[in-house]
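Excluded from the calculations below are hydrogen atoms, water molecules and symmetry mates; all remaining heavy atoms, backbone and side chain alike, are included.
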Amino acid sequence: MSQVLPATIPAKLFHERADAIADAARDLAQRGWTPATSSNFSMRVDAAHAAITVSGRDKGKLGRNDIMLVDMDGKAVGTDARPSAETELHTQAYRRWPEVNAVLHTHSRTQSVASRLFAKHGVIRLEGWELQKAIRGHATHESVLDIPVFPNTQHMPELVARVDAWIDAGKPLHAYLINGHGIYTWGHDMAEARRHLEALEFLLGCELDLKRLNA
């Protein structure tokens with residue numbers, strides 16, 4: 001893949017972001033969270049651009065050439081490569097929260113099953129779990145962490161509008177599920193985004209176990 005960078009973006013900066021995305025993707029693929037080339041990952045490059053995985057690539061084998069540049073409208077910059085159809089959900093996070101610098105989206109079995117099970121409620125309420133403290137802003141197990149479950153659609157503006165409506169209603173948002181799909185979460189840097197993802201995977205698994213045990 002040929003990538004031509006704007007003059008304002010140093011190649012070293014883009015390569016650092018690309019390497020961090022590829023490293024994270026390979027690790028998450030090994031966990032089985034990115035089946036059949038699914039999932040997408042990104043990092044902010046500057047105020048106007050983000051680096052994101054090219055659509056359809058095997059996430060377990062990513063390298064620099066599998067990462068492309070997009071603008072904050074989700075359009076490709078300096079390449080003929082095609083970004084994920086869900087790129088707008090990544091750029092939405094960067095537009096809404098200037099402090100966010102990494103967005104991760106995976107399709108683990110746990111995430112997918114939880115999204116179907118709780119879709120009728122529209123939200124998964126997490127409370128009483130010690131690992132809630134892994135999420136930025138939560139300092140105690142006594143906090144409440146709501147993870148909304150939005151209906152799935154192939155029309156990205158509809159999903160973007162649902163996320164915007166949740167935020168505009170003043171509800172805290174650290175992650176969300178899409179029904180029958182997977183999870184989106186983010187962080188101030190890649191390490192925090194990965195911590196959030198790992199913690200939420202664990203917590204969703206715990207909720208599913210409770211459902212089974214209490215059935």
Side-chain angles (χ1 to χ4, degrees), residues 1-108 111 152-161 163-164 175-176 178 181-194 196-197:
M1 185 195 78
S2 175
Q3 175 70 67
V4 179
L5 298 173
T8 55
I9 298 178
K12 182 175 184 291
L13 174 62
F14 178 77
H15 291 158
E16 287 175 351
R17 297 291 191 269
D19 289 345
I21 293 168
D23 287 347
R26 291 193 300 268
D27 176 60
L28 296 172
Q30 288 180 348
R31 302 178 189 218
W33 297 1
T34 69
T37 78
S38 67
S39 308
N40 34 76
F41 311 102
S42 70
M43 291 191 75
R44 186 193 297 275
V45 176
D46 62 17
H49 301 91
I52 192 166
T53 44
V54 175
S55 180
R57 303 291 172 89
D58 184 340
K59 303 308 184 295
K61 300 178 181 178
L62 292 191
R64 284 183 184 176
N65 289 335
D66 301 301
I67 313 300
M68 62 182 292
L69 193 70
V70 294
D71 62 23
M72 287 304 166
D73 293 320
K75 306 300 183 185
V77 175
T79 178
D80 292 330
R82 182 168 61 91
S84 167
E86 299 163 21
T87 298
E88 291 176 59
L89 298 174
H90 290 253
T91 56
Q92 177 185 37
Y94 297 130
R95 293 194 308 269
R96 295 295 310 228
W97 299 296
E99 70 276 13
V100 166
N101 289 294
V103 178
L104 302 176
H105 169 50
T106 51
H107 290 243
S108 78
Q111 297 154 18
N152 196 9
T153 176
Q154 303 306 305
H155 186 53
M156 284 307 108
E158 182 180 339
L159 264 175
V160 169
V163 176
D164 277 335
Y176 58 85
I178 302 172
H181 192 156
I183 196 168
Y184 272 87
T185 191
W186 44 84
H188 284 206
D189 54 24
M190 181 59 80
E192 182 173 79
R194 291 179 68 169
H196 287 172
L197 181 61

Is there a side-chain contact (heavy atoms from CB on, under 4.5 Å) between I183 and L197 once you walk through the steps? CA-CA 8 Å; I183 196 168; L197 181 61; 3.6 Å; yes
Which pair of heavy atoms, one from [X] and one from [Y], lies closest together, and at what distance?
{"X": "S39", "Y": "T106", "result": "OG-CA, 3.3 Å"}
{"X": "V103", "Y": "A93", "result": "CG2-CB, 3.9 Å"}
{"X": "G32", "Y": "P35", "result": "O-CD, 3.9 Å"}
{"X": "P6", "Y": "V77", "result": "CG-CG1, 4.0 Å"}
{"X": "G187", "Y": "A193", "result": "N-CB, 3.7 Å"}
{"X": "A76", "Y": "P83", "result": "CB-CD, 4.5 Å"}

Close side-chain approach of [X] to [Y], heavy-atom, < 4.5 Å:
{"X": "M190", "Y": "I21", "answer": "yes"}
{"X": "D73", "Y": "T91", "answer": "no"}
{"X": "I178", "Y": "L89", "answer": "yes"}
{"X": "I67", "Y": "V54", "answer": "no"}
{"X": "M68", "Y": "D66", "answer": "no"}

How long is the span from the [atom1] atom in [X] to the [atom2] atom in [Y], to the nearest 0.5 Å?
{"X": "R57", "Y": "T37", "atom1": "CZ", "atom2": "OG1", "value": "10.5 Å"}
{"X": "S2", "Y": "N65", "atom1": "OG", "atom2": "CG", "value": "9.0 Å"}
{"X": "T185", "Y": "Q111", "atom1": "OG1", "atom2": "CD", "value": "10.0 Å"}
{"X": "F14", "Y": "I9", "atom1": "CZ", "atom2": "CD1", "value": "8.0 Å"}

Partner set under side-chain hydrogen bond (donor to acceptor under 3.5 Å, both in side chains) for [X], not counting sequence neighbours:
{"X": "D46", "value": "H49"}
{"X": "T53", "value": "none"}
{"X": "T34", "value": "none"}

Ring pair (Phe, Tyr, Trp, His ring centres under 6.0 Å) partners of residues 54-88, not counting sequence neighbours, each pair once: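 Matches after skipping sequence neighbours: none remain.
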Among residues two or more places apart or on two chains, list those pairs meeting ring pair (Phe, Tyr, Trp, His ring centres under 6.0 Å) that have a residue in residues 56-91.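 Passing the test, one end in residues 56-91: H90-Y184.
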Return each pair, listed once, that meets salt bridge (charged side-chain N to carboxylate O under 4.0 Å, His left out) where at least one residue sits in [range]; pairs must be two or more places apart or across chains.
{"range": "residues 77-94", "value": "none"}
{"range": "residues 32-44", "value": "none"}
{"range": "residues 19-31", "value": "D19-R64, D23-R26, D27-R31, D27-R194, R31-E198"}
{"range": "residues 92-105", "value": "R96-D164, R96-D168"}

Apply side-chain contact (heavy atoms from CB on, under 4.5 Å) to the pair Q3 and L69, showing each step before the final yes or no. CA-CA 8 Å; Q3 175 70 67; L69 193 70; 3.7 Å; yes
W186: what forms a ring pair (Phe, Tyr, Trp, His ring centres under 6.0 Å) with it, not counting sequence neighbours?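 Checked W186 against ring pair (Phe, Tyr, Trp, His ring centres under 6.0 Å); matches are W97, Y176.
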Please enumerate all residues that pass ring pair (Phe, Tyr, Trp, His ring centres under 6.0 Å) together with H181, with sequence neighbours excluded.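 Testing H181 for ring pair (Phe, Tyr, Trp, His ring centres under 6.0 Å), a comparison that skips the adjacent residues, returns H105, H107.
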Between T79 and V4, is a side-chain contact (heavy atoms from CB on, under 4.5 Å) present by the stated rule, with each step listed? CA-CA 6 Å; T79 178; V4 179; over 6 Å; no
Quick one: side chain to side chain contact (heavy atoms under 4.5 Å, CB included) partners of A11, sequence neighbours excluded?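 Once residues adjacent in sequence are excluded, the partners of A11 under the side chain to side chain contact (heavy atoms under 4.5 Å, CB included) criterion are L5, H15.
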Checking the side chain of N101 only, and the main-chain atoms of H188 only, is there a donor and an acceptor separated by less than 3.5 Å?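 Yes, the answer is positive, given that a donor and an acceptor are paired below the 3.5 Å cut-off.
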